[in-house]
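Everything on this sheet refers to the single structure shown next.
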2 protein chains.
Amino acid sequence: MSETIEAQERVTAPRPYHHGDLARVLAEAAAALVRETGVNGFSLRECARRAGVAHSAPGHHYGDVTGLLTEVAARGFLDLARALASACSGTSGAPVLARLARRYVDFALTDPIIFGLMFHSDRVNRGSPRFQRAGEEAFAQLVRAVAEARGQPTADADALRFAWASMHGMAMLLIDGPLVPAGGNRRGGAADLATGTIERMVFAVTRFDGQRKSRSG
Amino acid sequence: MSETIEAQERVTAPRPYHHGDLARVLAEAAAALVRETGVNGFSLRECARRAGVAHSAPGHHYGDVTGLLTEVAARGFLDLARALASACSGTSGAPVLARLARRYVDFALTDPIIFGLMFHSDRVNRGSPRFQRAGEEAFAQLVRAVAEARGQPTADADALRFAWASMHGMAMLLIDGPLVPAGGNRRGGAADLATGTIERMVFAVTRFDGQRKSRSG
DNA sequence: CTTTTATTGTGACGACGTCAAGATTGTTGA
DNA sequence: TCAACAATCTTGACGTCGTCACAATAAAAG
């Protein structure tokens, strides 16, 4: 989705320095490289090689490897926020939450390594303002969906945590393998395994109301 | 818990090679090092240094860094299985599942880095038989708890996935930070945040029965 | 006691991240 | 137009890393 935009920017943008914007090229090369080799196999030098620049060029733009991977993770959260927003638009009530959860799991299964980088890699700086802002943007979509599902103006904190935990846990377990039966590609069969979990999640979010031990009432 | 056992083994075991059992010492040093520096900061050479052996000694026992970290992860699953089993013993019915989930989250918050290594590190070989056996041992505890909570001899697959996803997602989100409010140690305040999620999880596992769209019946 | 095997150490290799210093290009102000 | 400056990129070096071939050592077997 970036080719045409890039061509436009090549003309309109002031082209601030030598290479065209190396920072963006490096970030995109880094994302591609991470997808290929895993977070662990990622290397700054290989990334520079693919961008056609010297091995130390990434350092000038991002400081160190953590800085670059933090940028990649932040972009991942922006993508996730967009995906969740588009999944919810044009719907209301409980189905909003179900559709958001489905999209959340789909995103994770489509880009599992980036997803892992976003949430649990010790190679990203979670204190980075840009990273946090991107995360909050995605989080806001979740808050809206939970409030909508419960028919309330604001999301209950416990319900919110539960909803997020359920879809996030499902995504994690499907990515990391322990739940997916052998043989069967990830995108197809695995995503179906999430259906029952999503149903139960929506069920509990909409029906559970803190009734402690009073099941006969 | 290993000092006295070690003393015993020093006598009873045939002491198969030079160092006493270097393999075990290396695995323990590796676990400690991972806890200190994170999975990413781990280094075979530093591990060997702490065990007081040559830099290539770990390679002779575990092949490469993945082999050693796989052993650490497998040990983590054995620990988890033990913890879950002890949490469930002496109880029955739905509370079993609640207690198991609580223990699951506690385990994750107590040893977050090892927990992360166990589930999603590209530095462990998930095809390793030892690793898989250890994982299945922990999984078996979960299966038992879900069956017990539903009063059935065998666990429903959908309910099982949902239960695991909920507790696992909660653990992940608490470890990785996005859910825990600033300032407040992990073990105390964070674990309390799981309570509502666990309640809802048990609620859905025991009450949801595939009633599709028939809310008025 | 000698031979064989299992366990550990030495040394080397290329790849990595990071830093300092120099080279190159764009910008700015007269 | 041109010189001074700042931003951008390259070169080269340093220490650390994982891994491998090979040597050394100790246990086991005969």
Side-chain angles (χ1 to χ4, degrees), chain A residues 9-30 32-34 36-73 117 121-125 128, chain B residues 9-30 32-34 36-73 117 121-125 128:
Chain A
E9 289 187 1
R10 275 288 166 76
V11 180
T12 58
R15 184 108 79 91
Y17 40 86
H18 306 170
H19 173 282
D21 50 355
L22 219 200
R24 189 156 65 98
V25 170
L26 284 173
E28 288 167 1
L33 184 55
V34 163
E36 284 180 39
T37 67
V39 178
N40 174 265
F42 175 80
S43 135
L44 269 186
R45 291 175 106 110
E46 175 63 22
C47 184
R49 236 170 265 133
R50 297 198 179 189
V53 293
H55 63 265
S56 74
H60 291 121
H61 287 274
Y62 294 102
D64 56 3
V65 59
T66 294
L68 178 48
L69 289 182
T70 298
E71 171 64 18
V72 172
L117 176 71
S121 172
D122 39 0
R123 288 164 88 106
V124 332
N125 172 21
S128 150
Chain B
E9 288 186 2
R10 277 287 166 78
V11 180
T12 60
R15 184 109 80 87
Y17 41 86
H18 305 168
H19 173 283
D21 50 357
L22 219 200
R24 189 156 64 97
V25 169
L26 283 173
E28 288 167 0
L33 184 54
V34 164
E36 283 179 40
T37 66
V39 178
N40 175 264
F42 175 80
S43 138
L44 268 187
R45 291 176 107 108
E46 174 63 21
C47 184
R49 238 171 262 133
R50 296 199 180 189
V53 292
H55 64 265
S56 74
H60 292 123
H61 286 274
Y62 294 101
D64 56 1
V65 59
T66 293
L68 179 47
L69 290 181
T70 298
E71 171 64 18
V72 172
L117 176 72
S121 173
D122 40 1
R123 289 165 87 108
V124 332
N125 171 22
S128 151

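Model, not experiment: these values are computed from the prediction. Proteins come first, then strands; the chains are lettered A, B, ... in the order of their sequence lines, and each starts at number 1.
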task = Using heavy atoms and a sub-4.0 Å distance, could you list which residues of residues 39-48 of chain A are near DNA chain C? By number, please.
result = A:S43, A:L44, A:R45
ask   = Under the 3.5 Å rule, do the base of D:dT19 and the side chain of B:S56 count as making a donor-acceptor pair?
value = no
query = Do any side-chain nitrogens or oxygens of B:H61 fall under 4.0 Å of OP1 or OP2 in C:dA6?
reply = no
query = Atom CG of A:D21 to atom P of C:dG26: distance rounded to whole Å?
reply = 15 Å
ask   = Can you name the closest pair of heavy atoms from B:L33 and B:C47 and give their distance?
value = CD2-N, 3.7 Å
key: From CA spacing to verdict: side chain to side chain contact (heavy atoms under 4.5 Å, CB included), B:F42, B:L68   = CA-CA 11 Å; B:F42 175 80; B:L68 179 47; 3.9 Å; yes
Side-chain donor/acceptor pairs under 3.5 Å, residues 52-60 of chain A, sequence neighbours excluded:
unit_1	atom_1	unit_2	atom_2	d
A:H60	ND1	A:S56	O	3.4

message = Tell me the closest heavy-atom pair linking B:A27 and B:V72, and the distance in Å.
response = O-CG2, 3.8 Å
request  = Kindly say if A:H55 contacts the phosphate of C:dT18, meaning a side-chain N or O under 4.0 Å from OP1 or OP2.
outcome  = no
Donor-acceptor under 3.5 Å (A:D122 side chain, B:N40 main chain) = yes
Single hit among B:D64, B:T70, B:L69 for side chain to side chain contact (heavy atoms under 4.5 Å, CB included) with B:N125 = B:T70
request  = Tell me whether the OP1 or OP2 atom of D:dC17 has a side-chain N or O from B:R49 closer than 4.0 Å.
outcome  = yes
request  = Measure distances between side-chain N and O atoms of A:H60 and base N and O atoms of D:dT10, and say whether any donor-acceptor pair falls under 3.5 Å.
outcome  = yes
